[in-house]
Number of protein chains: 2
Amino acid sequence: MARITAADRRQQLIDAAFRVMTRDGVAAASTRAIAAEASAPLASFHYVFSSKEELLREVTESLVEKMLGAAMDGLELTGDVSSSLRHGLHNLWEVTEGTAAEQQMLFELAQHSLRTPGLEDLARWQYERYFGATAQYLEAIADAAGVQWAPSVKVARRVLMSFLDGLLFGWLVDRNSKEAREAIDAFVESFATLAVPRTIVAPGSASADQARRAA
Amino acid sequence: MARITAADRRQQLIDAAFRVMTRDGVAAASTRAIAAEASAPLASFHYVFSSKEELLREVTESLVEKMLGAAMDGLELTGDVSSSLRHGLHNLWEVTEGTAAEQQMLFELAQHSLRTPGLEDLARWQYERYFGATAQYLEAIADAAGVQWAPSVKVARRVLMSFLDGLLFGWLVDRNSKEAREAIDAFVESFATLAVPRTIVAPGSASADQARRAA
DNA sequence: GTCTATAAGGAGATAGAC
DNA sequence: GTCTATCTCCTTATAGAC
């Protein structure tokens, strides 16, 4: 009889968990439901995972990295801040609407992590990855256009990330795609005013320190 | 023996549900946990509520209205769009950080409603209330300053609501209050550029229609 | 009219048969 | 090395004793 290896079983269960969570939600993804989805006996779950928490960590980490990869893909740069942002965010929004189930799952995973003792760091890691990727994107735009972000990249990325995350959550509720797209255009127009000409600062000065911290 | 009336029992259970959900999360608020918190026998739950869904609707509706009332309270208007927004949003943020548990509970309620068959309309109602209140606020600012929102109040309120909702979710994860406040300042500065001079339009013209729709 | 006791089923985790 | 069968505890809901 062709037995399955532990590594293969592990991957089967991760894939099954992913399907159950996108289809029925994170709360519905019991070890039983996951094992059934994978056509695996229930005991095989605890044979390859020490606990459900271990599976949640793997699923979260791989989905976050996958979505960040997909999101960063369509972000082309032109010399102009406004048009870079506009094209980049509309591209991102296409990906987002096309992966609605995964997006909802990511929200649920973050919320679940926040409430589960021992899992709080996972939600924090997830959002640090988001914030890091957003900062990277804004830096790239600023470099291409020869500008800098006011008052700092740190603050600008929080403004952008907050808008996008909130836009997504609101859209998951009301699915108003038209208004979401119009909101992106209006946001880009106003947000671009935070891109200001680069100031040349003397090394070691207070504003040089500030510029370094901001980067 | 002084027996309790059904109406009193109902209110006791609602209050208890509120305490359990703010303390332990919506997912932890089982009928047992709620009844225990209210020091009531478990069966009294289904004596006054036909189902758990009925309780969730009551809890959600009363909390949304309560938070909207608290949020709208500190929103003073000056003649200037930027300073009105800045003071208003910082005031709102004070309330928000001071009611973190309730805010997290509202996210959880919305997410739970979205995933629960028969409860989807509750999440939609919740966000319609948010969007309605935000539009009202933006209208009041525009009236006080004698300006209008571009491209429309509908779109501007979605930009503002998205930013605030996303800022809140991000803060619930990383609790970075300093960055959140700085993000509000940066956002206000850029968002205020969507307030433009009012155009006087001939009644019945295409742009008059547009202005009416926008209102 | 109120609540004890129980039904009916789902959860995570594991002992021990094979 | 794999999985059947079970343990313990949890859930919503209700029958029926008082």
*Asks:* How long is the line joining CZ of A:Phe45 and C1' of C:dA11, in whole Å?
*Replies:* 12 Å
*Asks:* Using a 4.0 Å heavy-atom cut-off across all strands, classify B:Tyr47 as base, sugar-phosphate, or nothing.
*Replies:*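 Since a base atom lies under 4.0 Å of B:Tyr47, the category is base.
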*Asks:* Verify the contact: side-chain N or O of A:Ser30 to OP1 or OP2 of C:dA11, cut-off strictly under 4.0 Å; return yes or no.
*Replies:* yes
*Asks:* From CD of A:Gln12 over to P of D:dT2, roughly how many Å is that when rounded to an integer?
*Replies:*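 Going from CD in A:Gln12 over to P in D:dT2 covers 12 Å.
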*Asks:* Whole angstrom is fine here: how far is it from NZ in B:Lys52 over to P in D:dT11?
*Replies:*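 In whole Å, D:dT11 P and B:Lys52 NZ are 9 Å from each other.
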*Asks:* Without decimals, in angstroms, what is the distance between A:Asp8 CG and D:dT2 P?
*Replies:*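 Result: 11 Å.
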*Asks:* Side-chain N or O of A:His46 versus OP1/OP2 of C:dA13: is the shortest distance under 4.0 Å?
*Replies:* yes
*Asks:* Provide, to the nearest angstrom, the distance between the CZ atom belonging to A:Arg32 and the C1' atom belonging to D:dC3.
*Replies:* 14 Å
*Asks:* What is the distance, rounded to the nearest whole Å, between atom CG of A:Leu42 and atom P of C:dG12?
*Replies:*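 From A:Leu42 CG to C:dG12 P: 8 Å.
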*Asks:* Output the rounded distance in Å from CG (B:Asp24) to P (D:dT11).
*Replies:*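 Rounded to the whole Å, the gap is 11 Å.
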*Asks:* Is the shortest side-chain N to carboxylate O distance from A:Arg115 to B:Glu108 below 4.0 Å?
*Replies:*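 Yes, charged N to carboxylate O under 4.0 Å.
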*Asks:* Does the pair B:Glu61/B:Arg57 count as a salt bridge with the N-to-O cut at 4.0 Å?
*Replies:*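 No, no charged N to carboxylate O under 4.0 Å.
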*Asks:* Please compare A:Ala43 and A:Ala28 by the position of their nearest nucleotide in DNA chain C and report the one closer to 5'.
*Replies:* A:Ala28
*Asks:* Evaluate side-chain contact (heavy atoms from CB on, under 4.5 Å) for B:Phe107 paired with B:Leu168, printing each intermediate quantity in order.
*Replies:* CA-CA 10 Å; B:Phe107 271 116; B:Leu168 173 54; 3.6 Å; yes
*Asks:* In whole angstrom, what separates B:Arg10's CZ from C:dT2's P?
*Replies:*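 Rounding to the nearest Å, CZ of B:Arg10 and P of C:dT2 are 14 Å apart.
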*Asks:* Are the charged groups of B:Glu182 and A:Arg158 less than 4.0 angstrom apart, N to O?
*Replies:*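 Between A:Arg158 and B:Glu182 there is no salt bridge, as every charged N stays at least 4.0 Å from the carboxylate O atoms.
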*Asks:* For D:dC3 and A:Ser44 - does any side-chain N or O of the residue sit under 4.0 Å from the phosphate oxygens OP1/OP2?
*Replies:* no
